[in-house]
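Here the structure comes first, spelled out in structure tokens, and everything after it is commentary.
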Amino acid sequence: MTNLQTLRGMIDILPSQTERWQRIEALARDHFTRSGLREIRTPLLEVTELFSRGIGETTDVVGKEMYSFIDRGNRSCTLRPEGTASVVRSLIQNGLLNQGPQRLWYGGPMFRYERPQAGRQRQFHQIGAEFFGLSSVRSDAELISIAWDFLKDIGIDGLELEINTLGTFEDRKIYRKKLTDWFEKYIDLLDDSLRNQLRNNPLRILDSKNPKIKELIRDAPIIDSSISINSKERFVKLQDILNSLKIPFTLNNCLVRGLDYYCHTAFEITSNQLGAQATVCGGGRYDGLVEQLGGPPTPSVGWAIGMERLFILLGEKIANSSYPDVYLVNRGEKAEMEALCLARALREANFKVELDNSGSTFAKQFKRANRSCAKWAIVIGEEELNKGEFKIKDLSKSSMNLNEISMKLDEFENLTRVLKA
RNA sequence: GCGGGCGUCGCCAAGUGGUUAAGGCAGCGGCUUGUGGCGCCGCUAUUCGGGGGUUCGAAUCCCCUCGCUCGCCCCA
């Protein structure tokens, strides 16, 4: 195949799909605005170090999934694999963390060099929300509710919210040790990659889908056994609030965020309709991140939603539905000019107008008018022009020639009144 | 990076060694040089992702390669 085509894992969003995107994006913007979030936009390209430091050297994302290159100034640059690191960088760089709590949302394309599969592309889109400078457990609950309500509002059903706690950094350290010691006893059962994980990120083993490991994990120590009274109380409080908000959830003590700066709340919203990649929204609290990137200690909590997965769940619920108000049938040199002027005037008056520029026969043009699903056809030809008129036709009426009305070219007010009816 | 499935027109496809590569949708033209949704007629793949091989003969068999897809790892 010598034809030029998209890079693997990168797809075109064609006109038949863009309207769905616009609708969801508009709904998201509206939902976030009502939720008191303000949008932040950061560059797609950042210095590589931002992600290696912000996401973690030992993660797969940084270790093998980044789109990185050296630019002409000999800097290592990376297309963002996620949104949070850039947002944090921006808050620090622009001094926004000195201006009180920040409630933000962002959206746009992210890039990860992975093998594409259902619900996963190399260029994919996320929308995310984050709170900075808010440490109460109510913030965690509010943020979860914003995600939950958004997904509900746009009409997605069958979602499940799973939550877990990772405790404080101290708690995690203790748990990590416990877990490592425990897995060491079964080191023979672990393959190379799991042993690697055991060294770098033992908590992530809990997430394994390997059936044998899953069985093993059933008997592994759970985090509950390691966390402090305060952490436990915080987690119970979160559950209480979610109950009060009538947001159903399940506890999943294998749900972990592998990175060191995560603490307390971790959650995912999943669906069984997504194939292997079941998570449509994932997030948690990461009080250590801002500091790790050179800012002041700042409590932070956030989540991201995968847009492509959202669309899989939506199916045909948000269909393209924008048909023209008017299809302008026209023929003959002078009539064509008149039609162009009329199209412009109607568009100015907020009508969606499709102008037939084909110059083909009236029969053809009407065929296309019908296909376009326009409500009205306006007809301008030599005959009409000679009388200083045009015709309006209701395309939804089945009779062919009987449903025309003639109108003078200068009766624009009258025309718009008819079209609106 | 590693497995499984697949690759025939813009889309959906039939064809599984004999040569004129069905059919449907969409598109274009006509029946209808000025009137739509139905109908009828015609046109639209020298070619079966690409390359090489086997054969008198290949879309059909073999090898390589590219791409898509599903899964593993991991994530949204």
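So that the names make sense, note that chain A is the first sequence line, chain B the second, and so on, each numbered from 1. No hydrogens, no waters, no symmetry mates; every other heavy atom, side chains included, goes into these values.
A donor N or O paired with an acceptor N or O is found under 3.5 Å between the base of U35(B) and the side-chain atoms of Lys391(A). Residue-to-nucleotide contacts include no donor-acceptor pair under 3.5 Å from the side chain of Glu114(A) to the base of G1(B). Arg8(A) contributes no side-chain N or O that forms a donor-acceptor pair with the base of C68(B) under 3.5 Å.
Cation-pi geometry between Arg122(A) and Tyr113(A) is met: under 6.0 angstrom from the ring centre, within 45 degrees of the axis. Cation-pi geometry between Lys393(A) and Phe366(A) is met: the NZ or CZ atom falls under 6.0 Å from the ring centre, inside 45° of the normal.
Following rounding to the nearest Å, Tyr113(A) (OH) and A76(B) (P) show an atom-to-atom distance of 21 Å. Rounded to whole Å, the distance from CD on Gln117(A) to C1' on G3(B) is 12 Å. For the pair Gln197(A) CD and C74(B) P, the interatomic distance rounds to 5 Å; values are reported in whole Å. Rounded to an integer number of Å, the gap from Gln121(A) CD to C68(B) C1' is 12 Å. One interatomic measurement links the two molecules: NZ of Lys367(A) to P of A26(B), which rounds to 11 Å at whole-angstrom precision. With rounding to whole Å, Phe362(A) atom CZ is found 9 Å from U35(B) atom P. Regarding Phe51(A), its CZ atom lies at a distance of 14 Å from the P atom of A76(B), rounded to whole Å.
Nucleic acid contact class of Ala369(A) (heavy atoms, under 4.0 Å, all strands): none. In this structure, Glu382(A) reaches the bases: a heavy-atom distance under 4.0 Å links it to at least one base atom across the strands shown. Residue-level contact check: Arg115(A) touches the bases, meaning some heavy atom is under 4.0 Å from a base atom. Using a 4.0 Å heavy-atom distance criterion, Glu82(A) is classed as making no nucleic acid contact. Residue contacts for Val280(A): at a heavy-atom cut-off of 4.0 Å it reaches the sugar-phosphate backbone alone, with no base atom in range. Across all strands, Gln365(A) comes closer than 4.0 Å to no nucleic acid atom at all (heavy-atom distances). Residue contacts shown for Gly128(A) are absent, as no nucleic acid heavy atom lies under 4.0 Å away. Among the heavy atoms of the strands, none lies under 4.0 Å from Glu268(A). Contact annotation for Gly381(A): base contact, defined as any heavy-atom pair under 4.0 Å involving a base atom.
Pairing for G27(B) goes to C43(B), judged as Watson-Crick or G-U wobble with the two contacts each under 3.5 Å. Here C38(B) sits opposite no nucleotide as a Watson-Crick or G-U wobble pair (both hydrogen-bonding atom distances under 3.5 Å). The partner of U20(B) cannot be assigned: no Watson-Crick or G-U wobble pair with both contacts below 3.5 Å exists in any strand. Nucleotide C61(B): paired with G53(B) (Watson-Crick or G-U wobble, both distances less than 3.5 Å). Base pairing analysis places G71(B) opposite C2(B); the two distances defining the Watson-Crick or G-U wobble pair are each below 3.5 Å.
The nucleotide whose nearest atom lies closest to any side-chain atom of Arg309(A) is, among G71(B), A76(B), G34(B), A76(B).
Taking for each of Phe124(A) and Phe366(A) the nucleotide of RNA chain B with the nearest heavy atom, the 5'-most of the two is the partner of Phe366(A). Between Glu384(A) and Leu274(A), the residue anchored nearer the 5' end of RNA chain B, judged by the nucleotide with its closest heavy atom, is Glu384(A).
Salt-bridge annotation for Glu39(A) and Arg41(A): present, with a side-chain N of the basic residue lying under 4.0 Å from a carboxylate O of the acidic one.
Judged by distance alone, with hydrogens and angles left aside, the side-chain atoms of Asn201(A) form no donor-acceptor pair with the main-chain N or O of Gln197(A) at under 3.5 Å. Side-chain atoms of Glu291(A) do not come within 3.5 Å of backbone N or O of Gly288(A) as any donor-acceptor pair. For Asn330(A) (side chain) and Asp356(A) (main-chain N/O), a donor-acceptor pair under 3.5 Å exists by modelled atom type.
Within the structure, every side-chain polar atom (N or O) of Arg331(A) is placed at least 4.0 Å from both OP1 and OP2 of U33(B).
Taking CZ from Arg309(A) and CG from Leu313(A), the interatomic distance works out to 10.0 Å, rounded to the nearest 0.5 Å.
Comparing the P positions of U69(B) and A59(B) gives an interatomic distance of 27 Å, to the nearest angstrom.
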